[in-house]
Amino acid sequence: MVRRTFGARPPSLVLLAVLLAVSLAGCGTESARELPADPGETSAPMAEVARADAEAAFGGLGDLAAAWKDGDCAEIERLTTWAEQAIGSRVCAAAREGRAAPGFDVPEDPEFLLPAHEDGEDDPWFAVLARKPTPAYFVFVRTDGAWRLGAGPIPLDGEAPQAPEGEGEIVDAAAGPGSWVGARLVSTRHVAFLTDPAGVSGVRFVSGDPMRGLLGELVRAPGRVRPDRLSTDVRIEGPARALALPDGGALVFHALRLVFTQKPGPGRSSLAHRRYGAADVRAFTGGAPKTMTGAEIVLLATRVGADNRMTTVGMRRVLADITEGDG
């Protein structure tokens with residue numbers, strides 16, 4: 001796992017190059033695309049098998065919507081994995097303590113984005129772009145013999161990257177090694193950007209990209225809680241998963257965890273300006289802690305161009321947990 005603490009001294013360009021090389025060498029378990037067959041399966045066309053699985057999994061989202069409506073935390077955990085399980089495991093419990101539960105509208109009008117080749121060791125997965133009620137991505141991962149929602153909704157920001165056309169909606173284009181190098185480093189490059197306000201890392205996003213807005217917020221956050229002390233840690237939440245695009249780029253689905261630790265300032269025994277509202281703090285912690293740590297999950301869909309430039313095409317940010325202390 002790559003993690004950086006916001007505010008640390010930016011690495012030199014040489015050191016950054018070394019870090020990226022090391023990250024690339026360790027990406028063997030962060031597969032760009034994979035759909036391995038289950039034991040005992042025949043070599044039936046992957047398009048047919050994957051499409052059937054995708055339709056069944058997408059059709060089951062109504063069960064997840066019902067679980068959120070009923071506050072059935074066990075069912076939410078059973079139906080989710082990856083980022084959505086990290087969110088639901090604590091958010092559902094907090095909802096039972098008075099926090100408003102997130103709404104989950106059953107999506108419709110799906111476009112299936114299905115990996116076409118085996119490549120790597122991660123669990124099989126696929127994505128869906130649902131056009132209704134609002135355009136958003138959903139990522140499904142097969143774990144413990146069942147398809148579960150791993151990330152979604154991730155609301156679409158602007159136009160979706162164009163995918164190849166063809167029957168069966170297998171949209172994974174042929175990709176050379178260069179495309180997967182950029183795709184596998186997307187999460188690492190996001191961490192570098194969010195922990196390097198001086199821009200020494202060389203990672204860039206165009207004006208108006210949501211990531212620039214997020215960086216600006218992280219820079220301003222400590223000043224907004226003074227005299228309290230606030231530190232921020234940026235971490236990678238699970239593997240990145242990517243589809244190759246016909247223009248030589250890739251569409252990458254990934255997640256980050258933002259960890260905010262807030263402590264009273266010098267000479268104080270309590271917090272002066274809590275980062276989170278009192279109702280949320282009580283729902284998650286059961287009280288009003290003097291020191292607290294909040295975890296926010298950022299789910300992202302990032303387009304990586306053939307020139308290695310990154311553009312955020314979908315983003316969702318969720319308060320996933322608040323705990324007492326500096327954990």
Side-chain angles (χ1 to χ4, degrees), residues 1-12 15-16 19 83 86-91 93-95 97-100 102 187-201 203-205 208-238 254-300 312 315-327:
M1 170 171 46
V2 175
R3 55 183 288 181
R4 299 273 183 82
T5 300
F6 186 81
R9 186 177 67 181
S12 68
L15 177 57
L16 180 66
L19 289 173
I87 293 169
S89 60
R90 289 286 291 147
V91 171
E97 300 300 325
R99 186 173 189 268
S187 297
T188 302
R189 293 174 68 198
H190 275 71
V191 172
F193 176 78
L194 292 175
T195 57
D196 175 28
V200 175
S201 69
V203 180
R204 299 285 187 271
F205 289 89
D209 192 284
M211 292 307 296
R212 292 184 62 163
L214 179 55
L215 174 60
E217 179 187 331
L218 296 183
V219 171
R220 295 187 296 269
R224 290 179 171 175
V225 300
R226 290 193 180 110
D228 299 335
R229 295 173 295 174
L230 183 72
S231 64
T232 305
D233 206 18
V234 183
R235 308 173 186 175
I236 295 174
E237 186 76 9
H254 57 120
L256 301 174
R257 177 181 290 259
L258 309 179
V259 181
F260 299 91
T261 299
Q262 186 175 0
K263 301 178 180 181
R268 297 185 58 86
S269 60
S270 62
L271 298 174
H273 304 289
R274 288 189 178 88
R275 175 175 174 82
Y276 302 106
D280 283 342
V281 174
R282 282 195 303 271
F284 278 107
T285 69
K290 297 179 180 179
T291 296
M292 64 181 181
T293 298
E296 301 177 20
I297 303 295
V298 182
L299 300 100
L300 293 157
T312 304
M315 179 175 176
R316 170 169 150 242
R317 182 174 171 186
V318 184
L319 174 60
D321 197 8
I322 302 174
T323 57
E324 183 173 1
D326 58 1

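Both backbone and side-chain heavy atoms feed into the values below; hydrogens, waters and symmetry mates do not.
Taking CZ from Arg220 and CG from Leu218, the interatomic distance works out to 9.0 Å, rounded to the nearest 0.5 Å. Between the NE2 atom in His254 and the CZ atom in Arg189 there is a gap of 10.5 Å [rounded to 0.5 Å]. Taking OG1 from Thr312 and CG from Asp209, the interatomic distance works out to 3.5 Å, rounded to the nearest 0.5 Å. The OG1 atom of Thr232 sits 10.0 Å away from the CG atom of Leu194 when rounded to the nearest 0.5 Å. Note that CG of Leu256 is 6.5 Å distant from NE2 of His190, once rounded to the nearest 0.5 Å. One distance of note links NZ of Lys263 with CG of Asp228; it measures 12.0 Å at 0.5 Å rounding.
Within the 4.5 Å cutoff, no side-chain heavy atoms of Pro102 are placed close to those of Val318. At least one side-chain heavy atom of Val234 sits under 4.5 Å from a side-chain heavy atom of Leu258. The shortest side-chain heavy-atom distance between Pro227 and His273 falls under the 4.5 Å cut-off. Side chains of Phe205 and Leu215 form no contact here, defined as non-hydrogen atoms less than 4.5 Å apart.
With hydrogens and angles disregarded, a donor-acceptor distance shorter than 3.5 Å links the side chain of Thr293 to the backbone of Gly325. Proximity of a side-chain donor or acceptor of Arg204 to a complementary backbone N or O of Gly199 within less than 3.5 Å is detected. Within the 3.5 Å criterion, the main-chain N or O of Pro264 finds a donor-acceptor partner in the side chain of Arg229. Judged by distance alone, the side chain of Asp196 and the main-chain N or O of Ser201 form a donor-acceptor pair under 3.5 Å. Distance alone, capped at 3.5 Å, is enough to place a donor-acceptor pair between the Arg90 side chain and the Phe284 backbone.
The environment of Arg268 atom CZ is dense: over 12 non-hydrogen atoms of other residues, nucleotides or ligands sit within 6.0 angstrom.
For the residue pair Glu237 and Ala86, the shortest heavy atom distance occurs at OE2-CB, 3.6 Å. In plain terms, the two heavy atoms of Leu271 and Pro289 that are nearest each other are CD1-O, 3.9 Å. Contact record, Pro210 with Met315: CB-SD, 3.5 Å, taken as the closest heavy-atom pair. When all heavy atoms of Lys290 and Ser269 are compared, the closest pair comes out as CD-O, 3.1 Å. Scanning all heavy atoms of the two residues, the minimum distance from Thr285 to Glu324 falls at CG2-N, 4.1 Å. Taking each heavy atom of Leu299 and Ile87 in turn, the nearest pair found is CD1-CD1, 3.9 Å.
Screening Arg99, Arg274, Arg275 for a salt bridge (Lys or Arg N to Asp or Glu O under 4.0 Å) involving Asp280 leaves a single residue, Arg99.
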>> Between Tyr276 and Met292, is the side-chain contact (heavy atoms from CB on, under 4.5 Å) condition met? List the steps.
In response: CA-CA 10 Å; Tyr276 302 106; Met292 64 181 181; 4.1 Å; yes
